[in-house]
Every structure is written in structure tokens, then in C-alpha cells.
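Hydrogens, waters and symmetry mates play no part in the numbers below; they use all other heavy atoms, side chains included. These numbers come from a predicted model, not from an experiment.
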Amino acid sequence: WRPSVVSATFHGRDVFAPIAAHLARFGVPPSPSVDIETTHMEPGGVVDPAARVILVDPYGNLVTGFSADSVSSSARVDVKGHHLACARRFGDCRQGEGFWYKNANGLVEVAVNKGNAAKIFKADVGCPVFLV
């Protein structure tokens, strides 16, 4: 469950927040047997718990527990019916446009350029993520 890259100074964000989100949503700690480097999403199918939203940051970005390295950059990520393309950075998208990107921890993260993805997509911790 743990990201392969963890900041030396942001353990609250990188380690504790994902655990707290999982505990709040599922009532149990993350399973040590879940390896986000080897889990996968089936196109159009239900995802495993690692590919759900595990954290909504203060800006409304939706952090998933899913490894971005296992998702092709040409794939679209579906959050509540919104099919989002990959972008390397916020500036690659128009203002108000939603997208997904590989965050600093190597996880799939959904954002809206100059917007709040959680509010716009009406998504919260535990929301499933799909590949389309």
C-alpha cells in the first residue's frame, strides 16, 4: 500500500494520511499484502481498493492508491463518469479542465487546473477509479 517514494519531510501526507483515509473509509488498516506496484485495473471494470480515492488534499485534488507507472499515459481515468486524459502538469491543461497525472509519490492523482476536482466531480475518499 505504501508509495515507493516517500518524502523525508511529509510523512503526514505520504504515510499517515493514506492510512487514516483507509481506516476512515474501510474501518481496517491497509492490508500489507496489497502491493500497489503489481495491482491492476481492468478497463471498464471495478478496481481493487488501491485504485480508489485515498485522500482529498486541501486543494480538492483526488489522490488514488494506484501506481501511475502501471497506467499508460494514453489511458483515460474515469471518476464518476468523467473521462480524464493524462497531463504532465497543470499548465498543460486549460483552466477548469480535469486531468490525471503521476504525483510526486508515483500515484495516480486527479485534478482540475485552477479548480477543485472533489467538488466538480462530487468525489470523496473511497470513490472508485476506472480505466476507460
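For the pair V79 and C127, the tightest heavy-atom approach, listed with the atom from each and the gap, is CG1-SG, 4.1 Å. The two residues R52 and G126 come nearest to each other via the heavy atoms NH1-O, 3.0 Å. Closest approach of C93 and A87 over heavy atoms only: SG-CB, 3.6 Å. When all heavy atoms are compared, the tightest approach of G98 to F121 is CA-CZ, 4.1 Å. The nearest pair of heavy atoms linking A111 to N61 is CB-OD1, 3.3 Å.
Counting only residues at least two apart or in different chains, side chain to side chain donor-acceptor pair (under 3.5 Å) contacts with residues 113-132 are absent. Applying the salt bridge (charged side-chain N to carboxylate O under 4.0 Å, His left out) definition to pairs two or more places apart or across chains, those involving residues 81-91 are R89-D92. The salt bridge (charged side-chain N to carboxylate O under 4.0 Å, His left out) contacts involving residues 100-113 comprise D69-K102, where partners must be two or more places apart or lie in separate chains. Sorted by first and then second residue, the side chain to side chain donor-acceptor pair (under 3.5 Å) pairs with a member in residues 71-86 read S72-S74, D78-H83; sequence neighbours excluded.
V56 and W100 end up in the same hydrophobic cluster when Ile, Leu, Val, Met, Phe, Trp and Tyr side chains are linked at under 4.5 Å. F90 and I120 are members of different hydrophobic clusters when ILVMFWY side chains are connected at heavy-atom separations under 4.5 Å. In the hydrophobic cluster analysis, where Ile, Leu, Val, Met, Phe, Trp and Tyr join through side-chain heavy atoms closer than 4.5 angstrom, F99 is grouped apart from L55. Follow the hydrophobic side-chain contacts under 4.5 Å out from V110 and you reach V71 in the same cluster. Grouping the Ile, Leu, Val, Met, Phe, Trp and Tyr side chains by contacts below 4.5 angstrom, directly or via other members, places L62 with V125.
Y59 pairs by the ring pair (Phe, Tyr, Trp, His ring centres under 6.0 Å) definition with nothing, not counting sequence neighbours.
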